[in-house]
Novice: 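Pasting in a structure now, in structure tokens, and then I'll have a few things to ask.
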Amino acid sequence: MLKRISMLVVAGLAAATLTGCGGSGGGSGSGGGDGSITMGFSQVGAESGWRTANTKSVQEAAKAAGITLKFSDAQQKQENQIKAIRSYIQQKVDVIAFSPVVESGWDTVLKEAKNAKIPVILTDRAVDSKDTSLYKTFLGSDFVEEGRKAGKWLVEQYKDAKDPVNIVELQGTTGSAPANDRKAGFQEVIGADPKFKIIASQTGDFTRAKGKEVMEAFLKANPDIDVLYAHNDDMGLGAIEAIEGAGKVPGKDIKIITVDAVHDGMQALADGKINYIVECSPLLGPQLMDLAKKVVKNESVQARVVTEETTFTQEQAKTALPDRKY
């Protein structure tokens with residue numbers, strides 16, 4: 001009899017342990033009942049060094065905060081994210097967070113989350129829904145301002161130039177918030193001076209391989225390129241390979257501006273192959289977990305939480321590199 005009771009106790013403990021480690025038992029949509037929180041998180045993908053660092057930040061912060069994380073990789077496909085969000089709704093998680101692949105087409109699934117009384121946090125990227133009640137807050141960078149910073153540096157560098165400045169642009173994923181906004185902010189600044197001409201602009205999907213491929217095409221079609229503006233470091237790094245392959249010197253024959261400031265990009269900046277980087281920090285995990293705890297408790301949060309970021313010149317990169325976390 002004692003042996004049977006002991007076995008039942010052990011079985012009960014094992015079941016409790018499985019549920020606590022994020023097995024089939026998720027949250028209840030109301031903080032898990034026992035104070036624990038389960039978050040469903042849908043990531044864009046793993047297309048860049050920035051994204052990898054962002055994923056790591058979210059996973060480590062969730063663990064530190066005691067939040068059970070259900071994680072999915074959308075592989076840069078919106079349909080995968082919608083499927084993941086619906087799965088989280090079915091599992092009755094306490095909060096959903098996601099970084100949208102593109103800006104449009106989210107209203108239906110967000111309404112489903114709202115009807116299920118599961119709060120949603122947008123992280124890194126925004127959506128263009130007119131109904132802002134469909135999500136609690138948006139945590140991330142000001143992408144338009146990032147584009148402006150890139151443009152302001154360029155204008156300053158060529159303030160005394162009389163000849164046209166031919167620019168090629170490697171855009172991020174078509175339809176994504178950072179691609180749309182970084183382009184808009186950059187154009188807003190350089191558009192005031194007609195000598196700045198964007199002679200080619202095409203998506204590189206935020207990847208190094210695509211950045212190289214598109215830059216090779218740019219170089220073949222446009223022999224006189226003065227400046228490359230890449231929407232992230234990885235595309236810029238791919239473009240550097242193409243520029244060197246064409247017998248040109250990156251950073252000298254073609255000035256290069258990128259966005260992100262991941263380690264590989266900062267190293268290229270310190271080495272003189274990139275001229276200027278606008279920072280976009282991927283370390284959003286701790287802020288995301290703080291916001292998650294508040295929205296699950298139905299506490300008020302700011303509708304827009306902007307991360308603090310800076311810019312780097314070549315000399316500043318040399319100083320910053322030894323302590324760089326990503």
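Numbers for residues simply follow the sequence, beginning at 1.
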Novice: Quiz question: by atom type and distance under 3.5 Å, do the side chains of Thr307 and Ser141 form a donor-acceptor pair?
Specialist: yes

Novice: Within the side chain of Asp142, is there an N or O that forms a donor-acceptor pair under 3.5 Å with the backbone of Glu145?
Specialist: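 Looks like yes, one N/O pair under 3.5 Å.
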
Novice: Using the test salt bridge (charged side-chain N to carboxylate O under 4.0 Å, His left out), find all partners of Lys195 that sit at least two apart in sequence or belong to another chain.
Specialist: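 With sequence neighbours excluded, Lys195 shows a salt bridge (charged side-chain N to carboxylate O under 4.0 Å, His left out) to Asp193, given in chain and number order.
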
Novice: Cut-off 3.5 Å, side chains only: do Gln316 and Thr313 have a donor facing an acceptor?
Specialist: yes

Novice: Does Glu213 have any salt bridge (charged side-chain N to carboxylate O under 4.0 Å, His left out) partners at least two apart in sequence or in another chain, and if so, which?
Specialist: Lys210

Novice: Quiz question: by atom type and distance under 3.5 Å, do the side chains of Ser129 and Asp131 form a donor-acceptor pair?
Specialist: no

Novice: Just by distance, with hydrogens left out, do Glu103 and Asn180 show a side-chain donor and acceptor under 3.5 Å apart?
Specialist: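 Yes, a side-chain donor-acceptor pair sits under 3.5 Å.
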
Novice: Would you say the side chain of Asp260 lies within less than 4.5 Å of the side chain of Glu279, judging by non-hydrogen atoms?
Specialist: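 Side chain of Glu279 against side chain of Asp260, heavy atoms only: no contact under 4.5 Å found.
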
Novice: Quick check for you: to the nearest 0.5 Å, what is the distance between Leu170 atom CG and Asp234 atom CG?
Specialist: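 Reported value, rounded in 0.5 Å steps: 11.5 Å.
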
Novice: Taking atom types as modelled, is there a side-chain donor on Thr311 or Tyr276 under 3.5 Å from an acceptor on the other?
Specialist: yes

Novice: Is there a side-chain contact between Ile254 and Lys248 (heavy atoms, below 4.5 Å)?
Specialist: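 Yes, at least one pair of side-chain atoms sits under 4.5 Å.
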
Novice: Under the 3.5 angstrom rule, does the side chain of Asp73 hit a backbone N or O of Gln75 as a donor-acceptor pair?
Specialist: yes

Novice: Using a distance-only test with no angle check, is there a side-chain donor-acceptor pair under 3.5 angstrom linking His231 and Glu169?
Specialist: yes

Novice: Does Met235 reach the side chain of Thr207, with side-chain heavy atoms less than 4.5 Å apart?
Specialist: no

Novice: Quick one: salt bridge (Lys or Arg N to Asp or Glu O under 4.0 Å) pairs with a partner in residues 42-51, sequence neighbours left out?
Specialist: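 Of all non-adjacent pairs touching residues 42-51, those that pass salt bridge (Lys or Arg N to Asp or Glu O under 4.0 Å) are Glu47-Arg51, Arg51-Asp124.
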
Novice: Determine yes or no for a side-chain-to-main-chain donor-acceptor pair under 3.5 angstrom, with Asn115 supplying the side chain and Lys111 the backbone.
Specialist: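 Side chain of Asn115 to backbone of Lys111, a donor-acceptor pair under 3.5 Å: yes, one is there.
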
Novice: Mind jotting down which residue pairs meet the salt bridge (Lys or Arg N to Asp or Glu O under 4.0 Å) criterion with at least one end in residues 296-312? Sequence neighbours excluded, please.
Specialist: none

Novice: What pairs of residues pass the ring-ring contact (aromatic ring centres under 6.0 Å, His included) test when at least one of them lies in residues 158-200, not counting sequence neighbours?
Specialist: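 Pairs touching residues 158-200 that pass the test: Phe186-Tyr229.
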
Novice: Would you say Ser133 and Lys114 are linked by a side-chain donor-acceptor pair, where the criterion is simply a distance under 3.5 Å?
Specialist: yes

Novice: NZ of Lys183: more than 12 outside heavy atoms within 6.0 angstrom?
Specialist: yes

Novice: Does a donor on one side chain and an acceptor on the other come within less than 3.5 Å for Thr203 and Gln171?
Specialist: no

Novice: Is there a donor-acceptor contact under 3.5 Å linking the side chains of Ser87 and Gln91?
Specialist: yes

Novice: Answer yes when Glu60 and Lys63 have at least one side-chain N-carboxylate O distance shorter than 4.0 Å, and no when they do not.
Specialist: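 No, no charged N to carboxylate O under 4.0 Å.
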
Novice: Apply ring pair (Phe, Tyr, Trp, His ring centres under 6.0 Å) to Trp106 and list each qualifying residue two or more places apart in sequence or on a separate chain.
Specialist: Phe98

Novice: Are Leu283 and Asn54 packed together at the side-chain level, in the sense that at least one heavy-atom pair is separated by less than 4.5 angstrom?
Specialist: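 Leu283 does not reach Asn54 side chain to side chain.
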
Novice: Side chains of Arg324 and Tyr326 only: does a donor on one sit below 3.5 Å from an acceptor on the other?
Specialist: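 Judged by distance alone, the side chains do pair up.
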
